[in-house]
Amino acid sequence: MYGILHQSLIKWVLDQDDGSEILDAVLKMLDYEGKIDEFFVLYPDEFSEKFVDAVQETTGVDRDTILFESGKNAVGTLVNNGFLDILRTMGDCFYTMLQNLDSIHFNFLASFPEMKIPSITPERMHDDTLQIHFFGQRPGVAMFGMGSIQESAKALYNLDLQFFHKVKAKSVGEEDIFVAFADPTVYPPDLDVSYIGMSVSNLALNQAVTATLLPWHVAFNRNLKVVSMGSKLAVRIKENTLGQHINKFLAIIAPVDAKWDFDMLCTVTDKPVILSTIKAHMRSAMEYNALLEAEADRVAAEEALKREEKMEDEDKQEGEFYEQGPLSTSLGMKRPSRLSKSRSRGSTIFNMDNSRRDSVASTGRRFKRMHDLDTIKLHGQITYDEEQDILLVVCNPYVSSNVEMEKLCITLKDLPIHTHGREVLYEGMEQARSAEKATQITHKLDALNDYAQQIVEKKVVIDNLLHSILPPQIANSLSLGEIPEAEEYESVSVLYSDIAGFTSISSGVPSIEVMKLLHELFVKFDDLADKHDVYKVETIGDAYMVVAGCPNVCDNHAEKIAAFALDMSKIASKTLSPLDGEPIQIRIGIHSGPVRAGVVGRDRPRYCLFGDTVSVASFMESKGIPGCIQVSYRFLRQLPLENPFLLAPRGTIELKGAPLHTFLLLGYVGTKEDLLFPDREKDPKLFNDVMIFAFDARHRKRTMGHIPQLVGRPLETQMEAYKRRTMSTSKITFTPDFDALVNMKRNKQDSAFV
């Protein structure tokens, strides 16, 4: 059973006193992993039965009442899942709606392909009593269906009907009969104006037109002998069907209570019909394709013969032209008809037979035929021709996917244009895709809800960590109910970092893997913050922000931030991306200057920094290079002249229309650790220039205190000045091929090779 039953049943349980507790007890009895109320999901019949039994055991309410009352909720469930427009078009009155229910169920097959559709036949009695024959293919579905029917009467037609269970089916394959006392407003007005136009309906179709408009029809007489069959259907059957019993070639799938009985079929002319070809008498896909190929060869041979005859005629006419002069001719060709002739028909009168119900085994066979991809299903209607005493089934192939069409060798050309069969096919395919997408969205929303629930559970832990989230002096003030005023700090260093390519990572791996990556990385960053005595301000997504010199004032805030940044890069280079298994790269931007800091919010207070210093630090990070640390000139001036850090000028970037001089923090002078160079392939010139600074400074253990003297000049000018300076004091060989450094040896004068 699909999730509509489960959703309706859960709604009924929750409407009871202590409904939440009852539902918890039921779910515990079911012990089912996963959601049990997904609308488009098919659940095993055994599980649905177990669900109803668990509700009955827990509530003490009898089974029929549970199903009937739950069925009342089905209307709201359909509306909530987007079926309101369909419900509104089912008929102008309640009785018409009942007559159209089977058609609606067939429409639902696109969204619910495994649905075992019931058959519902309303009957107006002589005293205006309404009698409903309900034929279901699942136990208990009649009570659920009648609950939804009673609620539909009230919700859609403002009718307060009470149905009584007159006849209860003893097993699957038998009918339930329900009765309600109704007034004439339940029924459509007795208006029939078709006789007005009957006098002008004089069209008699020949075989060619019939074959074009009704290529899949079948007609049979009172003896159930085939008297006519559409050309598209006839070619799919191995033998000549005319004069043979119809049940030899076709089986009835719907109405589910119908069988090959002429009088009984005359009573279902207002119902949709589904027939299925019988595989034993049907050409296989291979046989049908072979037939098409043979026909194509025959047509090609005929065309070749006609072209040859035409050429001979043209040659003959050309010879006569020279002997007798020009001769006007007119050629015409009429394609011979290959359609079979119609057969004569008899005429008798039929009577209704109420004994017409199938067995359980027959019902099972119908469901299997409906989902058999080796047979063609035909959907249409039956009409009775009283003059010829025959039944005509006008139908078309019922296909729901391109896979089914390919397997059955059915093309769009096989579907008559006037039937909208092509449009119905595409609409059904789109409806099936929409149902699948709705299920996928439901799963994703459930996953998000699970993550949200995890966050809620962690909130208690977060509240207990107030003192570790806020600076101690701020936390103490808040614990006393005081909100401290914002403070100004004249000189601090602010650092921003983020993960390069984080968008690709977050979209390419499950969200739990992204959360795991960030948690693993940020926990290590937190440890580094404690180690270097810097304050972690916040994290937003993959961004990580720290500050030194605030709230604890210090003079060496630039050195603390620089050391922290180098350790951050080292940690990141050892962390593998869940997307490709490669080490992640982070961008780091640093700037120094004044800030204003204070607490924002009362229930969930945050310690925030404000000012241009914060904006510039963020800008330095966003315009930075993956795997590198970009710093500003103001930060550089905050470092002491003698410091252990190795820096190199990057150039200028534009901030609000003004140039901003930037530098790269490469590492420590005089150590053997790897330096943070920009990517050589992406910017070979910058890489080469930075290497000049790096190797000379490293071998001479020189800091970059002289760099401020060059600020304000273009990067090329700075590099040339630095080269001249180093060339005048040491022997340095410059080479464009950095790979050659591996095979070159430094001389005794401590030369560097770049």
Side-chain angles (χ1 to χ4, degrees), residues 433 436-455 458 494-529 536-546 564-591 614-631 650-651 653-655 662 664-667 674-687 690:
R433 281 193 295 267
E436 183 179 357
K437 289 179 181 178
T439 302
Q440 293 174 353
I441 292 174
T442 301
H443 290 163
K444 291 181 179 179
L445 290 176
D446 292 339
L448 290 175
N449 290 335
D450 292 340
Y451 299 147
Q453 182 62 31
Q454 295 176 15
I455 294 174
K458 295 294 183 181
V494 179
L495 176 149
Y496 269 98
S497 74
D498 75 344
I499 299 174
F502 181 73
T503 302
S504 298
I505 295 175
S506 60
S507 62
V509 300
S511 56
I512 191 66
E513 294 292 332
V514 178
M515 295 173 63
K516 182 179 179 181
L517 167 67
L518 295 178
H519 176 72
E520 177 185 348
L521 195 61
F522 288 172
V523 165
K524 295 177 181 178
F525 289 171
D526 293 343
D527 294 338
L528 291 179
K536 171 186 172 183
V537 180
E538 64 179 350
T539 60
I540 303 176
D542 62 320
Y544 192 92
M545 176 186 179
V546 297
F564 174 77
L566 290 172
D567 281 353
M568 281 183 79
S569 296
K570 188 186 302 182
I571 289 294
S573 65
K574 297 178 181 179
T575 303
L576 301 182
S577 168
L579 182 62
D580 54 16
E582 294 294 326
I584 65 171
Q585 288 186 317
I586 60 174
R587 281 185 297 262
I588 300 176
I590 303 175
H591 182 61
V614 178
S615 301
V616 175
S618 176
F619 183 76
M620 296 293 291
E621 174 267 319
S622 64
K623 296 297 182 180
I625 303 173
C628 294
I629 304 170
Q630 181 169 252
V631 301
R650 178 192 178 186
I653 57 178
E654 188 173 305
L655 175 61
T662 63
L664 298 179
L665 176 58
L666 306 178
D674 293 336
L675 301 180
L676 303 176
F677 293 115
D679 192 302
R680 182 184 181 188
E681 294 182 358
K682 293 183 179 179
D683 196 339
K685 185 178 184 305
L686 179 61
F687 172 82
V690 169

Heavy atoms only: give me the nearest [X]-[Y] pair and the separation to one decimal.
| X | Y | value |
| --- | --- | --- |
| L528 | I571 | CD1-CG1, 3.8 Å |
| V514 | S506 | CG2-CA, 3.6 Å |
| L517 | P578 | CD2-CD, 3.9 Å |

Practice item. List for me each residue that meets side chain to side chain contact (heavy atoms under 4.5 Å, CB included) alongside L655, sequence neighbours excluded, and say none if there are none. Key: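 L655: side chain to side chain contact (heavy atoms under 4.5 Å, CB included) contacts with V616, F619, L660.
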Point to revise | Partner set under side chain to side chain contact (heavy atoms under 4.5 Å, CB included) for D527, not counting sequence neighbours | key: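 Per chain and number, D527 pairs via side chain to side chain contact (heavy atoms under 4.5 Å, CB included) with V523.
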By side chain to side chain donor-acceptor pair (under 3.5 Å), which residues pair with [X], not counting sequence neighbours?
| X | value |
| --- | --- |
| S504 | none |
| Y496 | none |
| Q630 | R650 |

Review point. Between the main-chain N or O of T503 and the side-chain N or O of S507, is there a donor-acceptor pair closer than 3.5 Å?
Key: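 Judged by distance alone, yes, a pair lies under 3.5 Å.
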Sub-4.5 Å side-chain heavy-atom contact between [X] and [Y]:
| X | Y | value |
| --- | --- | --- |
| E621 | I588 | no |
| V537 | V546 | no |
| D542 | L518 | yes |
| K536 | D526 | yes |
| T575 | P583 | no |
| M545 | V494 | yes |
| L566 | L665 | yes |
| I499 | L521 | yes |

Check your understanding: Restricting to pairs with a member in residues 570-579, which pass salt bridge (Lys or Arg N to Asp or Glu O under 4.0 Å), not counting sequence neighbours?
Key ->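 Every pair satisfying salt bridge (Lys or Arg N to Asp or Glu O under 4.0 Å) with a residue in residues 570-579: K570-E673.
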Exercise for review: With sequence neighbours excluded, give me every salt bridge (Lys or Arg N to Asp or Glu O under 4.0 Å) pair touching residues 511-523.
Suggested key: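 Those involving residues 511-523 are E520-K524.
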**Study point:** Pairs satisfying side chain to side chain donor-acceptor pair (under 3.5 Å), at least one member in residues 577-589, at least two apart
**Key:**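 Sorted result for residues 577-589: D498-R587.
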Practice item. Could I get the full list of salt bridge (charged side-chain N to carboxylate O under 4.0 Å, His left out) partners for D683, not counting sequence neighbours? Key: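 Salt bridge (charged side-chain N to carboxylate O under 4.0 Å, His left out) list for D683, sorted by chain: empty.
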Exercise for review: Applying side-chain contact (heavy atoms from CB on, under 4.5 Å), run through L664 and V631 and close with a yes or a no.
Suggested key: CA-CA 6 Å; L664 298 179; V631 301; over 6 Å; no
Exercise for review: With side-chain contact (heavy atoms from CB on, under 4.5 Å) as the test, would you mind laying out the steps for L495 and I629 before giving the verdict?
Suggested key: CA-CA 10 Å; L495 176 149; I629 304 170; 5.9 Å; no
Check your understanding: Can you tell me how far CG of L686 sits from SG of C628, rounded to the nearest 0.5 angstrom?
Key ->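 Result: 8.0 Å between the selected atoms.
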Check your understanding: What distance do R680 atom CZ and K685 atom NZ have between them, rounded to the nearest 0.5 Å?
Key ->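 If we round to the nearest 0.5 Å, R680:CZ and K685:NZ are 14.5 Å apart.
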Check your understanding: Partners of F522 by ring-ring contact (aromatic ring centres under 6.0 Å, His included), sequence neighbours excluded?
Key ->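 F522 satisfies ring-ring contact (aromatic ring centres under 6.0 Å, His included) with Y544 once adjacent residues are dropped.
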